[in-house]
2 protein chains.
Amino acid sequence: MSATREAVTNQDGAARRPGRRAANAEPYTLASLVEVAAHAFLERGYDATSMEDLSRAAGITKSSFYHHVSGKEALLRGALDRALDGLFGVLGEPDALEGPPVPRLRHIVRRQVEVLATELPYVTLLLRLRGNTETERWALGRRREFDQAVAALVREATEAGATHPGVDPVIAARLLSGTVNSLIEWYRPERVAVADLVDAVERQVFEGLLGGLRPSR
Amino acid sequence: MSATREAVTNQDGAARRPGRRAANAEPYTLASLVEVAAHAFLERGYDATSMEDLSRAAGITKSSFYHHVSGKEALLRGALDRALDGLFGVLGEPDALEGPPVPRLRHIVRRQVEVLATELPYVTLLLRLRGNTETERWALGRRREFDQAVAALVREATEAGATHPGVDPVIAARLLSGTVNSLIEWYRPERVAVADLVDAVERQVFEGLLGGLRPSR
DNA sequence: GTCTATACCCGGATAGAC
DNA sequence: GTCTATCCGGGTATAGAC
């Protein structure tokens with residue numbers, strides 16, 4: 001892909017110059033490089049991001065970069081781990097485990113939105129996987145587990161008669177996940193407060209655009 | 001990306017053997033090759049799909065493939081054109097242009113779902129663009145036009161007092177688009193009828209999971 | 001730990017024979 | 001129109017000096 005490449009910048013927003021590092025610089029940890037990589041992947045896509053891009057964003061040469069990281073896929077793996085930890089953490093919370101299905105579902109949706117917003121680049125990567133490598137397929141499998149847990153709860157809610165009659169729980173669960181996950185396409189923390197987003201998504205998912213109002217107009 | 005590559009198959013589901021083509025074979029048109037390419041892009045992603053993959057899927061060598069197509073980007077462009085034509089066609093339909101905002105919105109949502117379902121690989125490509133090349137940025141611009149037309153209609157509906165009070169039209173429009181577009185992640189025509197999908201999406205978007213029912217349970 | 005230099009491979013695209 | 005052979009750029013990754 002012969003793209004127009006803007007200069008990649010590091011976390012300080014300034015492209016570091018190659019050369020010897022400052023004496024007080026903190027060492028490169030896997031986590032910090034994963035953070036740099038996730039942002040780059042988010043901008044251009046995983047395949048379109050080269051190790052050259054990443055090393056420049058980190059402020060060192062490609063070779064030095066390899067001194068700290070075993071390869072591109074390890075960076076992806078690190079980022080996906082972080083996203084999955086966040087999501088599965090939500091499923092383990094008490095409010096997600098106890099009580100009638102709809103309040104549990106509300107809690108999960110709200111917390112899932114929070115995780116998406118705070119772990120945006122990591123979750124974005126997870127949601128864009130195609131399954132081309134073993135690492136990607138592993139992550140897709142875990143993600144499917146998460147979706148199935150939510151889908152089971154939607155089914156429980158419909159069987160308890162808590163949803164609109166005529167709702168197909170399988171399709172509804174897909175649309176629910178889709179609505180929440182679609183946040184990654186547009187949400188930017190600096191433009192909309194997380195709390196507002198959480199409320200808006202909850203209302204949209206459970207009450208729809210029209211709420212309890214009668215149709216038309 | 002060092003992926004496990006399954007054999008790529010053409011439209012007949014069988015990988016053609018290289019060699020001279022059958023005398024009765026129809027000629028390769030741009031449209032037919034775009035179709036082959038779109039399916040491959042859909043499976044693996046644009047960047048991860050090589051011209052070698054594509055030519056093999058078409059049943060000819062890479063060089064022969066280039067005899068018919070100017071390059072990889074032309075294939076992408078052809079696919080994106082098809083998706084955008086479908087979407088903008090919806091905006092031009094009479095029911096999308098006349099009447100109160102909510103019925104117009106309902107019509108657009110329903111027809112948009114139909115276009116997504118019938119042009120699935122093409123729309124999928126459109127929705128996965130990152131903007132790395134000029135072609136991609138052009139398509140993203142046109143897509144933004146479409147979204148803005150829908151967003152304007154959502155705003156009109158809220159100003160007419162037709163939506164649930166408290167709905168932010170900007171966020172609601174994003175969630176609406178996100179819900180509809182998320183179909184590409186899971187919808188497969190052979191598993192769910194288009195008509196059922198259309199109804200389910202309309203209900204989910206406008207009435208939500210809970211419909212006119214009171215909360216809880 | 002960082003650099004320069006380079007091995008190695010793969011992908012897009014072209015040349016030219018048949 | 002299809003093939004074989006090849007160019008060339010750029011990507012991942014490594015060797016070895018400092």
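All values reported here derive from a predicted model rather than from experimental measurement. Proteins get letters first, then strands, A, B, ... in listed order; numbering begins at 1 in each.
- With respect to the salt-bridge test (charged N to carboxylate O, under 4.0 angstrom), the residues B:D199 and B:R110 qualify.
- Spacing between atom OH of A:Y46 and atom P of D:dG11 amounts to 14 Å, rounded to whole angstrom units.
- The two atoms that bring A:R82 and A:E119 nearest to each other are NE-OE1, 2.7 Å, heavy atoms only.
- More than 12 non-hydrogen atoms from other residues, nucleotides or ligands lie less than 6.0 angstrom from CZ of B:R142.
- Rounded to whole Å, atom P of C:dA13 lies 15 Å from atom CD1 of B:I60.
- One interatomic measurement links the two molecules: CE of A:M51 to P of D:dG11, which rounds to 12 Å at whole-angstrom precision.
- Computed from coordinates, the B:R56 CZ to C:dG12 P distance equals 12 Å when rounded to whole Å.
- Of the candidates C:dT2, C:dG12, D:dT12, the closest approach to any side-chain atom of A:H67 belongs to C:dT2.
- Per the geometry, CG belonging to A:L76 stands 13 Å off P belonging to D:dT12, to the nearest Å.
- Ion pair A:R104/A:D95 not flagged as a salt bridge, since none of the NZ, NE, NH1 or NH2 atoms sits closer than 4.0 Å to an Asp/Glu carboxylate oxygen.
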Please write out the pairs of protein N or O atoms and N or O atoms of nucleotides 14-18 of chain C separated by less than 3.5 Å, giving the distance to one decimal.
{"from": "C:dT14", "atom 1": "O4", "to": "B:S63", "atom 2": "OG", "distance (Å)": "3.1"}

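- Contact annotation: B:H68 reaches the phosphate of D:dT2 (side-chain N/O to OP1 or OP2, under 4.0 Å).
- Between A:E52 atom CD and C:dA5 atom P there is a gap of 14 Å when expressed in whole angstrom units.
- Salt bridge absent: A:E73 and A:R77 never bring a charged side-chain N and a carboxylate O closer than 4.0 Å.
- With rounding to whole Å, A:L33 atom CG is found 14 Å from C:dT2 atom C1'.
- Close to C:dC3, at under 4.0 Å from its OP1 or OP2, lies a side-chain N or O of A:T61.
- For the pair A:F65 CZ and C:dG1 P, the interatomic distance rounds to 15 Å; values are reported in whole Å.
- Under the 4.0 Å criterion applied to side-chain N and carboxylate O atoms, A:E207 and A:R106 are assigned as salt-bridge partners.
- Listed pair B:S64 / D:dG1 fails the phosphate criterion, with no side-chain N or O lying under 4.0 Å from OP1 or OP2.
- Comment: B:E93 engages B:R111 in a salt bridge, judged by a side-chain N to carboxylate O separation of less than 4.0 angstrom.
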